[in-house]
Amino acid sequence: MKTTKHTKQVGAVSDRGLIKWQGMLLTEHVRLIKAFYEEQDQVPKPELTEFDLQAIQEEVEIAMSRRCEVQLKTWKNGAFFTHTGVIQEIDLKNGQLIYEDASGRQRLPVESLVGIQLVD
């Protein structure tokens, strides 16, 4: 018996391994399986209490007065992100926090902010 890259010899039988199952998955199945696993990796947005929001506001005010570096923790589309920089100002009109990092001025929506930590 001749074996190829898709087959292997198992005793006297030539087996195609996993390749024999590939025809059983339709494109829709693959798309649904991928979406399922992506959904499993998502983290729900944390519900911040009044105490949490007050603590974040106080930390932002301290960081702005000291002009010190902070780590900003944000949530977007089921994932957390960390941004490091120096807070420059808060744009109340557009609801954005403006900070400066190594690549320049950046803007974050205030509603995406879930945590802040002073780096000093």
Side-chain angles (χ1 to χ4, degrees):
M1 270 184 211
K2 183 177 179 185
T3 60
T4 66
K5 67 178 182 176
H6 300 294
T7 62
K8 64 180 177 179
Q9 194 68 32
V10 178
V13 178
S14 179
D15 186 21
R16 293 186 299 149
L18 292 176
I19 193 127
K20 64 187 168 197
W21 300 106
Q22 285 181 349
M24 300 202 56
L25 291 176
L26 299 173
T27 307
E28 293 83 15
H29 294 143
V30 174
R31 191 176 316 122
L32 289 172
I33 290 170
K34 183 178 178 184
F36 172 77
Y37 283 115
E38 286 176 357
E39 186 177 301
Q40 294 297 319
D41 292 338
Q42 291 187 351
V43 178
K45 184 175 182 177
E47 296 293 326
L48 299 177
T49 64
E50 287 293 323
F51 178 75
D52 296 330
L53 294 172
Q54 182 68 27
I56 289 172
Q57 180 180 352
E58 289 172 4
E59 291 291 319
V60 168
E61 290 172 359
I62 291 169
M64 286 180 63
S65 66
R66 290 186 187 171
R67 293 280 184 207
C68 61
E69 192 171 54
V70 294
Q71 282 189 335
L72 302 166
K73 185 176 180 183
T74 59
W75 180 91
K76 184 178 180 183
N77 297 330
F80 289 107
F81 300 94
T82 303
H83 312 272
T84 304
V86 178
I87 298 174
Q88 300 298 314
E89 62 181 290
I90 298 174
D91 182 359
L92 295 175
K93 181 180 176 186
N94 296 317
Q96 294 181 335
L97 185 131
I98 302 167
Y99 71 98
E100 190 162 343
D101 63 4
S103 59
R105 289 175 72 98
Q106 308 293 327
R107 294 177 171 264
L108 288 175
V110 173
E111 71 268 1
S112 69
L113 190 63
V114 294
I116 182 172
Q117 182 177 7
L118 301 175
V119 175
D120 286 346

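Just so it is clear, the values below take in all heavy atoms, side chains as well, and ignore hydrogens, waters and symmetry mates.
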Under a 4.5 Å side-chain heavy-atom rule over Ile, Leu, Val, Met, Phe, Trp and Tyr, are [X] and [Y] clustered together?
X      : Y      : answer
Val60  : Val86  : no
Val43  : Phe81  : no
Leu113 : Ile62  : yes
Ile98  : Val119 : no
Leu97  : Met64  : yes

- Message: Working note: Asp101 + His83, criterion side-chain contact (heavy atoms from CB on, under 4.5 Å); need CA distance, chi angles, decisive distance, verdict.
- Response: CA-CA 8 Å; Asp101 63 4; His83 312 272; over 6 Å; no

Taking all non-hydrogen atoms of both residues into account, name the closest pair between [X] and [Y] and its distance.
X      : Y     : result
Leu48  : Asp52 : CA-OD2, 3.8 Å
Leu118 : Cys68 : CD2-SG, 3.6 Å
Phe80  : Lys73 : CD2-CE, 3.6 Å
Arg107 : Gln96 : NH1-OE1, 2.7 Å
Gly85  : Tyr99 : CA-CD1, 4.0 Å

- Item | Worked verdict on Glu59 versus Val70 for side-chain contact (heavy atoms from CB on, under 4.5 Å) | CA-CA 9 Å; Glu59 291 291 319; Val70 294; over 6 Å; no

Within 6.0 Å of [atom1] in [X], more than 12 heavy atoms from elsewhere:
X     : atom1 : value
Lys76 : NZ    : no
Glu47 : CD    : no
Glu50 : CD    : no

- Under 4.0 Å between a Lys/Arg side-chain N and an Asp/Glu carboxylate O for Glu89 and Arg105?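 So Glu89 pairs with Arg105 through a salt bridge.
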
- Could you state the interatomic distance from CD1 (Ile33) to CZ (Arg31), rounded to the nearest 0.5 Å?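 Here the interatomic distance stands at 11.5 Å.
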
- Task: State the CD-CD1 distance between Glu100 and Ile87, to the nearest 0.5 angstrom.
- Result: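 Going from the CD atom of Glu100 to the CD1 atom of Ile87 covers 12.5 Å.
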
- Message: Distance alone, cut at 3.5 Å: any donor-acceptor contact between the side chains of Gln57 and Glu61?
- Response: yes

